[in-house]
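Please read the structure below before turning to the comments.
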Protein chains: 2
Amino acid sequence: MPVDPGSARELIHRVFDLQRVIRCLSTSELKHGELGVASQGVLRMIAEHGGRAVDLAGQLGVSAPVLSRHLAELEGLGLVERHRDPEDRRAQRVALTEAGATALNEIEEHRISRLQSYLAGWDEEQAAHAILAIGQLSDALRTGARPMRPAPIQSSPPVLQTPPTPQTTQTQEEALAAR
Amino acid sequence: MPVDPGSARELIHRVFDLQRVIRCLSTSELKHGELGVASQGVLRMIAEHGGRAVDLAGQLGVSAPVLSRHLAELEGLGLVERHRDPEDRRAQRVALTEAGATALNEIEEHRISRLQSYLAGWDEEQAAHAILAIGQLSDALRTGARPMRPAPIQSSPPVLQTPPTPQTTQTQEEALAAR
DNA sequence: TATTGTTATACTCTATAACTATA
DNA sequence: TATAGTTATAGAGTATAACAATA
């Protein structure tokens with residue numbers, strides 16, 4: 001049974017409200033030297049899932065031209081390196097330089113300390129709840145947004161389809177208890 | 001005592017992740033006829049806090065020129081009306097037209113049904129947790145972002161300052177129990 | 001023929017600066 | 001002098017289309 005329409009409406013409004021607040025923060029204090037917020041996100045994604053550019057674009061949820069432009073900028077600043085993939089000479093392998101890792105670290109530390117000051121009245125449990133709830137919401141929207149390939153018409157269902165992403169099937173209590 | 005740096009980092013990453021997911025949804029399915037997402041937000045804010053344009057801009061967190069442009073667009077589409085404020089002839093009072101209310105309703109209903117389908121596996125408690133956590137986070141960031149006027153140096157503190165926004169001082173349990 | 005990446009172009013949303021009108 | 005609103009301009013971030021090189 002779906003969630004109540006009133007709850008859905010409320011959740012939508014809260015999410016848009018959060019986005020507005022974050023946008024205000026972005027313009028006021030999320031810059032880092034030459035780097036815009038988007039490039040900072042690319043930097044972090046490289047650190048986490050670095051590798052082929054095309055995969056990075058998918059993980060960032062942006063088109064190839066957008067990533068290309070950001071990588072060119074980051075390379076120009078000496079923060080990332082691009083090398084042709086020896087196994088597929090069309091592709092690139094992307095990695096942070098020493099300077100890139102340093103810059104990312106500064107960005108992260110700065111954000112963390114700012115957030116810590118904003119959450120001065122919070123306790124660990126509250127933070128854990130927020131992390132969990134937002135993660136679950138992102139997962140739900142991601143699987144919803146994912147354009148499921150058009151339902152196979154008149155074809156017997158494949159025996160083994162895409163791995164049944166175990167993602168977020170925990171209840172909140174289980175997930176919290178597992179910390 | 002502030003939240004753990006690890007929790008803060010995790011929360012930051014989850015929030016950016018949510019923003020990415022929502023951006024993907026925005027480009028794929030949040031349009032409504034001529035209206036972009038920003039104009040839809042203006043429409044809703046008018047419905048909730050309609051009144052003086054300058055106050056709307058503040059609540060939306062955008063600059064006056066941005067709101068002016070959106071209002072011009074919405075007025076051109078026949079969705080909002082602007083009248084000079086009789087009490088202050090510099091200002092405008094903004095309100096939805098009949099068509100504007102109808103359009104907003106369609107937008108809301110559409111979003112709600114989409115979100116309900118995305119949250120197919122959720123229960124009411126989970127939704128309530130997400131609403132609460134996201135609202136608390138927005139509040140915390142908003143008060144942090146609010147440029148507190150520079151601490152009065154060498155001046156005796158005002159007897160009555162800005163009302164001590166009671167905002168979110170409930171614990172999660174209290175807030176949930178109050179539903 | 002499909003995929004990786006780049007360049008060119010355009011769109012959305014935003015801000016700052018300069019202006020008019022009113023207070 | 002300060003505030004409400006508009007217009008002009010610029011910037012960040014994104015997408016689509018057309019292209020080159022490789023598979």
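Each chain gets a letter, A, B and so on, in the order its sequence line appears, and its residues count up from 1. The figures that follow rest on heavy atoms only: side chains count, while hydrogens, waters and symmetry mates do not.
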Review point. Same cluster for L104(B) and V94(B) if Ile/Leu/Val/Met/Phe/Trp/Tyr side chains link at under 4.5 Å?
Key: yes

Check your understanding: Expressed in angstrom and rounded to an integer, what is the separation of R82(A) atom CZ from dG5(C) atom C1'?
Key -> 9 Å

Point to revise | Beyond-backbone contact of L18(B) with L141(A), side-chain heavy atoms, under 4.5 angstrom | key: yes

Review point. Are E108(B) and R9(A) close enough that some pair of their side-chain heavy atoms sits under 4.5 Å apart?
Key: yes

Review point. Looking across every strand, which nucleic acid part, if any, lies under 4.0 Å from R93(B) by heavy atom: base, sugar-phosphate, or nothing?
Key: nothing

Between N or O atoms, less than 3.5 Å apart, protein on one side and nucleotides 13-17 of chain D on the other: list the pairs.
{"from": "dG13(D)", "atom 1": "OP1", "to": "V37(A)", "atom 2": "N", "distance (Å)": "3.0"}
{"from": "dG13(D)", "atom 1": "OP1", "to": "A38(A)", "atom 2": "N", "distance (Å)": "3.2"}
{"from": "dA15(D)", "atom 1": "OP2", "to": "S63(A)", "atom 2": "N", "distance (Å)": "2.9"}
{"from": "dA15(D)", "atom 1": "OP2", "to": "S63(A)", "atom 2": "OG", "distance (Å)": "2.9"}

Check your understanding: Rounded to whole angstroms, how far apart are CG on L60(B) and P on dG5(D)?
Key -> 13 Å

Check the interface with nucleotides 20-23 of chain C: list each N/O to N/O pair with the protein under 3.5 Å, or write none.
{"from": "dA23(C)", "atom 1": "OP1", "to": "R89(B)", "atom 2": "N", "distance (Å)": "2.9"}

Review point. Roughly how many Å is it from CD in E75(B) to C1' in dT6(D), rounded to a whole number?
Key: 13 Å

Check your understanding: Looking only at atom types and distance, does a side-chain atom of S39(B) sit under 3.5 Å from a main-chain N or O of G36(B), one as donor and one as acceptor?
Key -> no

Study note, to complete from the structure: Atom CG of L74(B) and atom C1' of dG5(D) are separated, to the nearest Å, by 16 Å

Check your understanding: Side chains of R111(B) and Q40(B): donor-acceptor distance under 3.5 Å anywhere?
Key -> yes

Exercise for review: Figure out the CG/P separation between L67(B) and dT16(C), and round it to whole Å.
Suggested key: 15 Å

Review point. Thinking salt bridges, do E73(B) and R69(B) make one under a 4.0 Å N-O criterion?
Key: no

Review point. Which whole-number value in Å describes the distance from E34(B) CD to dC13(C) P?
Key: 13 Å

Point to revise | Interatomic distance where CZ belongs to R52(B) and P belongs to dA4(D) [whole Å] | key: 5 Å

**Study point:** ring pair (Phe, Tyr, Trp, His ring centres under 6.0 Å) evaluation trace for H129(B) with H129(A)
**Key:** CA-CA 8 Å; H129(B) 272 107; H129(A) 272 106; 5.5 Å; yes

Review point. Can you find a heavy atom in the side chain of E48(B) that is under 4.5 Å from one in the side chain of Q59(B)?
Key: no

Review point. Separation of F16(A) atom CZ from dC13(C) atom P, in whole Å?
Key: 11 Å

**Study point:** D17(A)/R14(A) ion pair, N-O < 4.0 Å
**Key:** no

